Student: 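Would you mind keeping the following structure in view while I ask a few things?
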Amino acid sequence: MDLKGFERGAKALFSFPALKVIVPTTLALSILSVSFGCSLVYVLYVTLLLPITLKILVRKFITAKRAWGLAPLFLIWGMLVSAIRSYTCLILIPPTLLLHIPVRFLSGSSQKAVILLAIGLLTVIINGCSITELTITIILSCISFASTEVFIRILKNKLGPYGGLELLSAYFSYILAHDLDIMENALKKVTVQKSVPVYVLDLSNASGVWGFIAIPHIHPGPFRDLGSSRLPSMLVSYASKAGLKAMVLHGASKHSEDLIDRIGLTNLVRQIVEGGGEVLCIGEKLGLGVCKEWGFRCIALSLECGQTIVLTERVDGGLEDIPLSLAEKIGENVILVDNHNSFDEPRPSPTGHDQLTEQLLNCVKSAITKASLDLRDGWKVGLATKLGGWHNEIGTAGVSFLTLSSTTSTLNLIVYDSNNMIRQFRDQIYTQLAYPDITFVTATTDTHELTGARAGDTYNPLGTRYTLEAVLTDVETLRRDADACKEFLHYRLRRILVKSSFLDSSKLEKLNEVVTEMFTKALLLLILHGFLFIIPFLMIV
C-alpha cells in the first residue's frame with residue numbers, strides 16, 4: 001500500500017516568495033503596466049481590491065504573502081494583453097474566476113465565492129464595459145461557479161465514508177495553518193483500535209544502560225509531522241537529551257500501523273527511553289547468522305532467551321514495506337526488521353500468500369538456524385550517532401552506526417533516517433565496503449517526516465543526490481566514534497504493547513484512490529480556468 005495520491009498533492013503545493021520580494025516587484029510592475037497601456041482600474045483591481053477581498057473572505061488561510069503572491073503574474077499578463085491588443089474589460093475576468101476556486105475550497109462557502117464573483121462583475125461594470133463584454137462576463141462567471149460546485153458535490157460524495165468535506169477542510173487547516181489537532185481528529189474516522197508491539201534492546205555496562213536499539217512495529221507515517229511520522233527523530237532526540245545513544249530500526253509494518261494519537265506517541269517515546277515495558281530477557285550471549293538465498297539477504301541475531309532479531313533486505317529487486325502479519329506468521333520469538341533499502345521498480349510488498357513471501361520466509365528461517373547454532377559470549381558493541389537532516393533525503397535523526405564484534409566476526413550496521421534507499425546505490429556501498437569476516441548492512445528508518453515537508457516536493461530515497469563519498473565518510477567517522485566507546489555486550493530485551501488508534505489499511509487504501517482521482521479532476525478544473533486567460537486575445541474589441 002502506498003500514498004501516491006497524497007504525495008501528488010504534496011508535490012502540487014507551492015510557496016510564494018517573501019513579501020520583501022513581492023511588494024517591490026508588484027510596485028515596479030504596476031508602473032510598467034500603466035506605461036504599457038494597461039488600465040489603472042485593472043492595476044488597482046489585481047494589486048489591491050482582489051488581494052484584500054481574498055484576505056477578508058478566507059482570513060484563516062490567506063496570509064499577506066498568499067493574497068498578493070499572484071499579483072505580479074497578473075500584471076505581467078495584463079501588460080502582454082495591452083501590448084498585443086488594445087485594452088478590453090475582459091482582462092478583468094480570468095484573475096477573478098481563477099481565484100474564486102481557492103476561495104470556494106478554503107472558505108467552504110459558496111456564498112463567499114459568489115461575493116468574489118460579484119466584486120469582479122461590479123469592477124467590469126465600473127470600468128465601462130459594453131453590453132457584449134458584460135454578457136460574456138456573466139456567462140463565464142456562471143460557468144465557472146457551476147463547474148466548481150459540481151466538482152464540490154462529486155468530492156463530497158466521494159469523501160462521504162471518510163468524513164466528507166470536513167476531511168478536506170482539516171487537510172487545508174493542517175497544510176496551510178499547521179493545525180495538527182483538527183487533522184488528527186479527522187483521521188480518527190479512518191482508524192481502528194489495536195495493539196502493536198515495540199521492541200527495545202538496551203545496551204548496558206556496570207554503570208547502567210548507555211544506549212539502546214529500538215525496533216518499533218509502529219510505522220513512521222503517514223506524512224510530515226502527522227501521527228508517528230517523526231517517531232525515529234523523536235526517539236533519537238529524546239535519548240540524546242537523556243544522555244543515551246540510540247538507533248532506530250524499521251520493524252515490519254505498513255501504513256496500517258501508522259499511529260495517530262500524538263499524546264500516545266509522546267508517552268511511547270518516554271517509555272522507550274526511560275526503560276518501560278515488559279522485560280523479555282537479559283543476557284550477553286549472541287549468535288550471528290547470515291543467509292543470502294532466494295533473492296534475499298537476512299542477518300539473524302539470536303539472543304540467549306530464544307528471541308531472534310532478523311534484519312531483512314531484498315537483493316535482486318525492489319521491496320516495499322514488509323507487513324507486521326508476516327512477522328507474526330514466523331513466530332512470536334522473531335523480531336523482524338525491514339531494512340527498507342531496496343527502492344527500485346517494481347517495488348512489491350509481500351502479501352503473505354505469494355512467492356515473494358515464501359522466498360523471504362525461507363531466507364529468514366535459514367538465517368535463524370545458523371544464528372542459533374553460533375550462540376556465544378565475548379561480543380563487544382559500540383554505537384555512534386550523527387544528528388541532523390540533509391535536504392529531502394535524510395531526516396532530523398541523521399545517521400546511526402552500530403558495530404558488533406567477536407574474535408571471529410564483525411557486524412557493522414549503518415542506519416539513515418531516510419524513506420528508503422535506491423537499490424543500486426546500496427549495492428555500490430556494499431561493493432566499496434566488502435571485507436572478509438565483516439558483515440556490512442545498510443538500512444533506513446522509513447521516516448515520513450520529509451513527505452510534504454517542503455512545498456512542491458516530497459521525499460527522495462537516499463542516493464538521489466547524496467553521494468557514495470558522503471556515505472563512506474559517514475561510515476569512517478562513525479565507525480571510529482563507535483569503536484572508541486565499545487563495551488562488552490550486555491543486553492536487556494524489552495517489549496511495549498501499544499494499544500491505540502491506528503490507520504485502517506482498507507479505508508486508507510480506498511481514500512488514497514479517491515484522492516488520486518479527485519486530484520486529477522481538480523487539476524482539470526484549474527487547467528480549464530487557465531484557458532480563460534486567452535479570452536481577451538480572442539475577442540474583437
Side-chain angles (χ1 to χ4, degrees), residues 174 178-181 183-184 187 191 196-203 209-255 257-277 321 324 337-338 340 383-390 392-402 415-420 443-454 458-459 462 494-503:
Y174 172 64
H178 202 239
D179 191 332
L180 279 166
D181 291 329
M183 189 63 189
E184 183 179 295
L187 281 178
T191 60
V196 173
V198 173
Y199 294 92
V200 185
L201 188 70
D202 292 320
L203 306 173
V209 174
W210 58 267
F212 64 82
I213 304 168
I215 309 172
H217 286 290
I218 292 174
H219 190 267
F223 53 86
R224 211 158 83 165
D225 57 352
L226 189 67
S228 49
S229 299
R230 297 189 69 244
L231 175 58
S233 57
M234 288 177 65
L235 263 175
V236 173
S237 174
Y238 198 96
S240 179
K241 292 175 183 176
L244 299 175
K245 300 178 184 297
M247 171 177 278
V248 183
L249 298 174
H250 176 40
S253 59
K254 303 180 69 173
H255 282 286
E257 281 74 50
D258 284 343
L259 179 64
I260 294 303
D261 181 16
R262 275 183 297 135
I263 296 176
L265 181 66
T266 302
N267 290 337
L268 170 62
V269 170
R270 186 176 293 111
Q271 269 191 290
I272 291 172
V273 175
E274 295 179 357
D321 294 326
L324 175 57
V337 175
D338 176 5
H340 216 262
L383 179 58
T385 299
K386 182 178 73 174
L387 297 175
W390 190 84
N392 58 349
E393 288 185 48
I394 303 175
T396 50
V399 54
S400 300
F401 186 90
L402 176 82
V415 180
Y416 282 92
D417 190 31
S418 301
N419 187 326
N420 224 319
T444 72
T445 63
D446 191 25
T447 181
H448 280 58
E449 74 169 62
L450 301 172
T451 304
R454 293 175 176 85
T458 182
Y459 77 92
L462 192 72
R494 293 181 282 133
R495 178 175 60 196
I496 301 168
L497 283 178
V498 181
K499 298 179 181 179
S500 188
S501 297
F502 293 87
L503 287 179

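Sequence positions, counted from 1, serve as the residue numbers for this chain. All values derive from a computational prediction rather than experimental measurement.
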Student: Could you check F502 against I218 for side chain to side chain contact (heavy atoms under 4.5 Å, CB included), going step by step and ending with a plain yes or no?
Tutor: CA-CA 9 Å; F502 293 87; I218 292 174; 4.0 Å; yes
Student: If I take atom NE2 from residue H448 and atom CG from residue D258, how far apart are they, to the nearest 0.5 angstrom?
Tutor: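 It is 7.0 Å, given to the nearest 0.5 Å.
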Student: Distance from T191 atom OG1 to E184 atom CD, nearest 0.5 Å?
Tutor: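 Those atoms lie 10.0 Å apart.
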Student: When you measure from the side chain of S400 to the backbone N and O of V415, does any donor-acceptor pair fall under 3.5 Å?
Tutor: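 Side chain of S400 to backbone of V415: no pair is present.
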Student: Taking CG in L497 as the centre, count heavy atoms belonging to other residues, nucleotides or ligands within less than 6.0 Å. Is the count above 12?
Tutor: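 Yes, because the 6.0 Å sphere around CG of L497 holds more than 12 heavy atoms from other groups.
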Student: Can you name the nearest heavy-atom pair linking T396 to S233, along with the distance?
Tutor: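 Result for this residue pair: OG1-CB, 3.0 Å.
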Student: Using atom types as modelled and distance alone, determine if a side-chain donor or acceptor of T385 lies under 3.5 Å from a backbone N or O of A246.
Tutor: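 Checked: pair present.
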Student: Before giving the answer on side chain to side chain contact (heavy atoms under 4.5 Å, CB included), spell out for R224 and M183 the whole-Å C-alpha distance, their side-chain angles and the decisive distance to 0.1 Å.
Tutor: CA-CA 12 Å; R224 211 158 83 165; M183 189 63 189; over 6 Å; no
Student: Using the side chain to side chain contact (heavy atoms under 4.5 Å, CB included) rule, take L402 and I213 through it: C-alpha gap first, then chi angles, then the decisive distance, then the call.
Tutor: CA-CA 9 Å; L402 176 82; I213 304 168; 3.9 Å; yes
Student: Compare every heavy atom of S240 with every heavy atom of L387, then report the nearest pair and how far apart it is.
Tutor: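 Distance-wise, the nearest heavy atoms are CD1-OG, 4.1 Å.
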Student: Is the closest side-chain heavy-atom distance between L244 and Y238 below 4.5 Å?
Tutor: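 Contact flag for L244/Y238 side chains = no.
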Student: How long is the span from the CD1 atom in I272 to the CD1 atom in I496, to the nearest 0.5 Å?
Tutor: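 Output value for this atom pair is 5.0 Å.
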Student: Taking atom CG of D321 and atom NE2 of H219, what is their separation to the nearest 0.5 Å?
Tutor: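 NE2 of H219 is found 3.5 Å from CG of D321.
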Student: On a heavy-atom basis, which atom in L235 and which in A214 lie closest, and how many Å separate them?
Tutor: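 Heavy-atom minimum between the residues: CD1-CB, 3.9 Å.
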Student: Without swapping roles, check the side chain of S500 against the backbone of V498 for a donor-acceptor pair under 3.5 Å.
Tutor: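 No; zero donor-acceptor contacts below 3.5 Å.
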Student: Report yes if the side chains of S501 and D261 come closer than 4.5 Å at any heavy-atom pair, otherwise no.
Tutor: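 The answer is no, as the side chains (C-beta and beyond) never meet within the 4.5 Å cut-off.
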Student: Indicate the atoms forming the closest heavy-atom contact of Q271 with G277, along with that distance.
Tutor: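 Minimum heavy-atom separation between Q271 and G277: NE2-N, 4.3 Å.
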Student: In terms of relative ring orientation, are Y199 and H217 parallel, tilted or perpendicular, with 30° and 60° separating the classes?
Tutor: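 If you compare the ring of Y199 with that of H217, the planes turn out perpendicular.
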Student: Do the side chain of R494 and the main chain of G276 share a donor and acceptor less than 3.5 angstrom apart?
Tutor: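 Here the side-chain-to-backbone pair exists.
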Student: To the nearest 0.5 Å, tell me how far N419 CG sits from D446 CG.
Tutor: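 So the CG of N419 and the CG of D446 are separated by 4.5 Å.
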Student: So which atom in L462 and which in E393 form the shortest heavy-atom distance, rounded to 0.1 Å?
Tutor: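 Where L462 meets E393 most closely, the heavy atoms are CA-OE1, 3.5 Å.
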Student: Using modelled atom types and a 3.5 Å cut-off, is there a donor and acceptor pairing between side-chain atoms of S228 and backbone atoms of G221?
Tutor: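 Yes, S228 side chain to G221 backbone: donor-acceptor pair under 3.5 Å.
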Student: State which residues pass side chain to side chain contact (heavy atoms under 4.5 Å, CB included) with D181; sequence neighbours excluded, sorted by chain then number.
Tutor: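 D181 satisfies side chain to side chain contact (heavy atoms under 4.5 Å, CB included) with D179, R262 once adjacent residues are dropped.
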Student: Taking it one step at a time, do H178 and D225 satisfy side chain to side chain donor-acceptor pair (under 3.5 Å)?
Tutor: CA-CA 10 Å; H178 202 239; D225 57 352; 2.6 Å; yes
Student: With distance as the sole test, does E257 use its side chain to make a donor-acceptor pair with the main-chain N or O of K254 at under 3.5 Å?
Tutor: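 Yes, because the side chain of E257 sits within donor-acceptor range (under 3.5 Å) of the backbone of K254.
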Student: Less than 4.5 Å apart, any side-chain heavy atom of L265 and any of R230?
Tutor: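 Result no, sub-4.5 Å side-chain heavy-atom pair not found.
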Student: Find the distance between CG (L201) and CZ (F212) and round it off to the nearest 0.5 Å.
Tutor: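 Going from the CG atom of L201 to the CZ atom of F212 covers 11.0 Å.
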Student: Side chains of T445 and D417 only: does a donor on one sit below 3.5 Å from an acceptor on the other?
Tutor: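 Yes.
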Student: Could you check whether any side-chain heavy atom of H340 comes within less than 4.5 Å of a side-chain heavy atom of Y416, counting everything from C-beta outward?
Tutor: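 Heavy-atom side-chain distance check fails, nothing below 4.5 Å.
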Student: Kindly give the heavy-atom pair with the smallest separation between I215 and G251, and that separation in Å.
Tutor: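 The answer is CG2-CA, 3.8 Å.
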Student: Step by step, would you call L187 with L226 a side chain to side chain contact (heavy atoms under 4.5 Å, CB included)?
Tutor: CA-CA 10 Å; L187 281 178; L226 189 67; 3.3 Å; yes
